[in-house]
Participant: 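My questions all concern the structure below.
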Amino acid sequence: MAGHIITIIGGKGGVGKSQFATNLAFAYATEGKLKALLLDFDQKASGDQDFLTGMKSKKNLRELAEFKGAIDPNSIQQFVSMNQNVFYIGMPNDPISANGIEVDALGKFLKAAPNLYPITIIDGGNELTPLTIKALEFSTLIFLVVTPDILALNQTKKMYSDLVTMMFPKDMIQFVVNQAQQGHPVTNDVIGKTLGKPIFAAIPKDDQTCVMALNQKKPALLLNKGAPFVKGVIDTFRRINEKNILKALEKLNKPSDAGAQKKDQDPETQKKGIRNQWLDLKSRIHKALVEEMDMKKANDDDPKAQVILKEQTKKTVVELLGKEDTKGILNTREDMNQIVKEILDEALGLGPLEDMLSDKTISEIMVVGPHKIYYEQSGKLKLSEVVFTNDRQVLNVIERIVAPIGRRIDEKTPYVDARLRDGSRVHAIIPPSAIDGCTITIRKFPEKRLTYKDLVKFGSMTESMADFLRIAVEAHRNIIVSGGTGSGKTTLINVLGGFIQSNERIITCEDSAELNFPQEHVVRLETRPPSLEGDGAIDIRCLVKQTLRMRPDRIVVGECRGGETLDMLQAMGTGHDGSMTTVHSNNPRECIGRLETLVQYAGTALSPRAIKEMIANAVHMIVQQSRIDDGSRKVMYITEIGGMQGETVILQDIFLFVQKEIDKNGKVIGEFQATGFIPKFIEILERKGYNIPRGIFSNRPVAPAGTPEPAKAVPATPAQGQAGAAKSVAPGTGSAGANAAAKPQTATPQPAGVKPPVKK
């Protein structure tokens, strides 16, 4: 390299780095008798160098970046202005124009500049903008200007840490103290100790000279060579020159934009090898980090303590990486930033799960050991390229999740249900129960509370179905939301809960709190696992019993999976109308069988018929939610329970989803249909004076599932209303077909006047 570039930056505004840059350029020109190029890269203070130098460049940096010709001694003359052998190109005065400079194009000029000028001085501003970072990449020496005050010192320390993290060698970064004062409590030694290395130069405080130079639009060096400020700048220049510092620093390895790939190696092989080296490096840093720091402080809930701990940890990580041989592993700034981020995430956060949790398009995360992380995006499972360092790191993340909510996981109890701060549901299981390593499953909580309008927009239901469900909830119908794992039951019951009147008292019971109702008067109860001694456990059944003494208007149980089902049915049937819960089952008919089985878990000697009668009397409706083949979630059935006939619970579909075909992209094509059946409680509401449009129950063509604006309901004719009112269903018919004793039939409206086959 023929010449050298020195970039001067400040950790904070007002430290005098621009004036120092101007006068250092003139020191090289007058004292060193060298052609010096001065560039203004300070986009926030664009135009300041015009005042400090007393010059205005012929063309600005943006025009230089847009220049398409070759950069040579002749072509550069159209851009520069010259004074005392200092050649100057300024920043556009317009901030919008200054921010619009093409960074990469200017990088081409910086590559050519050392061949045109022996020394280039760049005023880099006080922020690490892309333009400033580009200048630093081509620099031989970086001067960080600081003043003897606490705020400037703190910001300079942070910027120094950022530069080291970006892989700029520490020897390349030197500190210059501006406005140094004798007797000031913040001495040069204090500054050096705080920053972690001795200062390179100190420039005395000389406000009179600096202000006079600015008023006269002249560099201080041309105004008064005997001034203290000017002497300090000249001393800095002489120290650089006499010790051949630039020549020594040019041999340092500096970060680049992209790492070069070896041509003689297969890209896949190289990628795999680098990945293994990457994980080994992370593992070593983690081990050293644990030895040097007390990472238990990471559980501190104080935000300020968290910030301080993160900064301390980051500094330690950078120092540990500086002791490692990272050649071939960390080739770029991006590599360095990435590995520091990954180590900090694993040490203080949730490791590689942090980015997935912040990605709004990901709905579920599944960890299978340290090296396999799957996630669900747009209904499809995908394998992540990001992995944990080892199984210990996965266990650390699990412990970090469960600790704030007072839960534990160990070999005695190797599984746990928990939740994140945002409400996302977490299940974890560890060895010896999990053979392939620690396993985590996270069902993400939506950042925005979904409403029925969102479900209609997503194609999960129609406007008519949403209107009917609102009527059912407001009419205090007892509703069971049925569905398989991951079908969207919790989301749906949250939407149904939003229909509850605001003047009612709602009490929720859950294993891990997921329900998020918009009403103010909501009491949320959560189960508790047993203590280390094996006692003190509080289960759902216990909570449901407690709700009965809490004057509830509505009881909502997150999921019935055991003996609490009996208590829930008893509550539904003894005055707590409008209660809701979810159950795992594949269709409404199976839901009845599932409820029967769960009631038996309570250990009572109830006969099967007594249980069925309890279900038929307590539950009014079943809403079946399913996840279909293309990954979308839909309300497949809305079904009313119509009592008992013989040993069979009567089910009657009100709405259902009919699948027609699958397109070439694997998307299911189908439509929602109303069966024409009018629920019995609708007539009761109408007798009470409610005006309910019968059109929502008409068996009409509707828009395909997924259409944002479904077709408007057509009012039913009197004949249709009579047909719907007279319609019933034989034992065993309905949405899921019959049980083993009855043959499935298609639920179709009967003509007006036809008597129902079953006594109502």
Side-chain angles (χ1 to χ4, degrees), residues 268 271 275 278-279 334 338 341-342 345-346 349-389 393-394 397-398 401 417-429 434 436-451 453-461 483-495 512 514 516 625-636 657 659 662-670 704-708:
E268 286 300 320
K271 185 178 179 181
R275 183 184 178 188
W278 183 283
L279 293 176
E334 288 74 17
Q338 182 63 28
K341 180 183 181 301
E342 288 182 14
D345 284 345
E346 288 191 20
L350 303 183
L353 307 185
E354 290 281 355
D355 291 335
M356 294 184 187
L357 288 169
S358 62
D359 189 340
K360 297 177 183 178
T361 64
I362 294 176
S363 58
E364 197 152 1
I365 304 167
M366 293 142 280
V367 179
V368 185
H371 305 311
K372 284 191 287 187
I373 303 176
Y374 294 90
Y375 60 93
E376 181 182 300
Q377 193 171 42
S378 303
K380 301 294 183 183
L381 286 182
K382 300 178 182 179
L383 178 63
S384 170
E385 292 185 358
V386 184
V387 297
F388 283 94
T389 305
Q393 296 304 321
V394 188
V397 165
I398 296 172
I401 291 172
D417 283 310
R419 67 179 186 275
L420 300 180
R421 292 180 186 274
D422 65 356
S424 297
R425 185 174 70 194
V426 181
H427 176 269
I429 185 165
D436 296 323
C438 298
T439 301
I440 309 173
T441 307
I442 301 177
R443 179 78 53 80
K444 285 179 62 178
F445 193 83
E447 186 178 29
K448 171 181 169 285
R449 182 190 292 116
L450 296 179
T451 66
K453 292 182 180 179
D454 295 308
L455 298 190
V456 172
K457 181 180 177 182
F458 299 154
S460 295
M461 64 171 71
T485 300
S487 60
K489 298 186 299 298
T490 304
T491 299
L492 181 57
I493 203 170
N494 267 320
V495 171
S512 57
E514 294 179 88
N516 182 24
Q625 176 91 358
S626 297
R627 175 179 169 177
I628 58 179
D629 294 340
D630 62 0
S632 62
R633 296 166 173 84
K634 299 187 186 299
V635 176
M636 303 298 288
F657 176 77
Q659 180 175 331
I662 298 178
D663 66 14
K664 60 182 180 180
N665 297 320
K667 183 173 178 59
V668 172
I669 305 299
T707 305

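Quick caveat, the model's predicted, so the values are computed rather than measured.
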Participant: List the steps and the verdict of side-chain hydrogen bond (donor to acceptor under 3.5 Å, both in side chains) for S487 and Q625.
Facilitator: CA-CA 6 Å; S487 60; Q625 176 91 358; 6.0 Å; no
Participant: Can you spot which of I401, I440, V426 makes a side chain to side chain contact (heavy atoms under 4.5 Å, CB included) with L350?
Facilitator: I401
Participant: May I have the step-by-step check of side-chain contact (heavy atoms from CB on, under 4.5 Å) for L381 and M366, ending in yes or no?
Facilitator: CA-CA 9 Å; L381 286 182; M366 293 142 280; 3.3 Å; yes
Participant: To the nearest 0.5 Å, what is the distance between CD1 (I628) and NZ (K634)?
Facilitator: 5.0 Å
Participant: Where do I398 and A428 come nearest, in terms of heavy atoms and distance?
Facilitator: CG2-CB, 3.8 Å
Participant: Kindly write out the residues that satisfy side-chain contact (heavy atoms from CB on, under 4.5 Å) with V495, not counting sequence neighbours, or none if the list is empty.
Facilitator: Y452, L455, F499
Participant: Can you confirm whether D359 sits close enough to Y375 that some side-chain heavy atom of one is under 4.5 Å from a side-chain heavy atom of the other?
Facilitator: no
Participant: Can you name the closest pair of heavy atoms from C438 and V394 and give their distance?
Facilitator: CB-CG1, 3.5 Å
Participant: Contact between I373 and M356 at the side-chain level, heavy atoms closer than 4.5 Å - yes or no?
Facilitator: yes
Participant: Using the side-chain contact (heavy atoms from CB on, under 4.5 Å) rule, take I365 and L357 through it: C-alpha gap first, then chi angles, then the decisive distance, then the call.
Facilitator: CA-CA 8 Å; I365 304 167; L357 288 169; 3.8 Å; yes
Participant: For T451, check side chain to side chain donor-acceptor pair (under 3.5 Å) against everything at least two apart and list the hits.
Facilitator: D454
Participant: Do you know which two heavy atoms are closest between K667 and D663, and how far apart they sit?
Facilitator: N-OD1, 2.7 Å
Participant: Could you tell me the separation between the CD atom of E385 and the CG atom of L383, rounded to the nearest 0.5 Å?
Facilitator: 8.5 Å
Participant: Would you say that F388 contacts P352 through its side chain, given a criterion of any heavy-atom pair below 4.5 Å between the two side chains?
Facilitator: yes
Participant: First locate atom OG of S626, then atom NZ of K489, and finally report the distance between them rounded to the nearest 0.5 Å.
Facilitator: 9.5 Å
Participant: So, does T490 use its side chain to make a donor-acceptor pair with the main chain of G488 at under 3.5 Å?
Facilitator: no
Participant: According to side chain to side chain donor-acceptor pair (under 3.5 Å), who are the partners of K380, at least two apart in sequence or on a separate chain?
Facilitator: none
Participant: Measure from the side-chain N and O atoms of S460 to the backbone N and O of R633, and report whether any donor-acceptor pair falls under 3.5 Å.
Facilitator: yes
Participant: Determine whether D436 and K372 satisfy the following criterion, salt bridge (Lys or Arg N to Asp or Glu O under 4.0 Å), listing intermediate values before the conclusion.
Facilitator: CA-CA 10 Å; D436 296 323; K372 284 191 287 187; 5.4 Å; no
Participant: Among R627, R425, R443, K382, find the residue that satisfies the salt bridge (Lys or Arg N to Asp or Glu O under 4.0 Å) test when tested with E364.
Facilitator: R443
Participant: For D630 and V668, indicate whether the former's side chain and the latter's backbone hold a donor-acceptor pair under 3.5 Å.
Facilitator: yes
Participant: Say you draw a straight line from NE2 of H427 to CD1 of I442; how long is it, rounded to the nearest 0.5 Å?
Facilitator: 12.5 Å
Participant: Quick check for you: to the nearest 0.5 Å, what is the distance between E376 atom CD and I362 atom CD1?
Facilitator: 10.0 Å
Participant: Report yes if some heavy atom in the side chain of L492 is under 4.5 Å from a heavy atom in the side chain of M461; otherwise report no.
Facilitator: yes
Participant: After noting the C-alpha distance and the side-chain angles of V386 and D355, does the key distance pass the side-chain contact (heavy atoms from CB on, under 4.5 Å) rule?
Facilitator: CA-CA 10 Å; V386 184; D355 291 335; over 6 Å; no
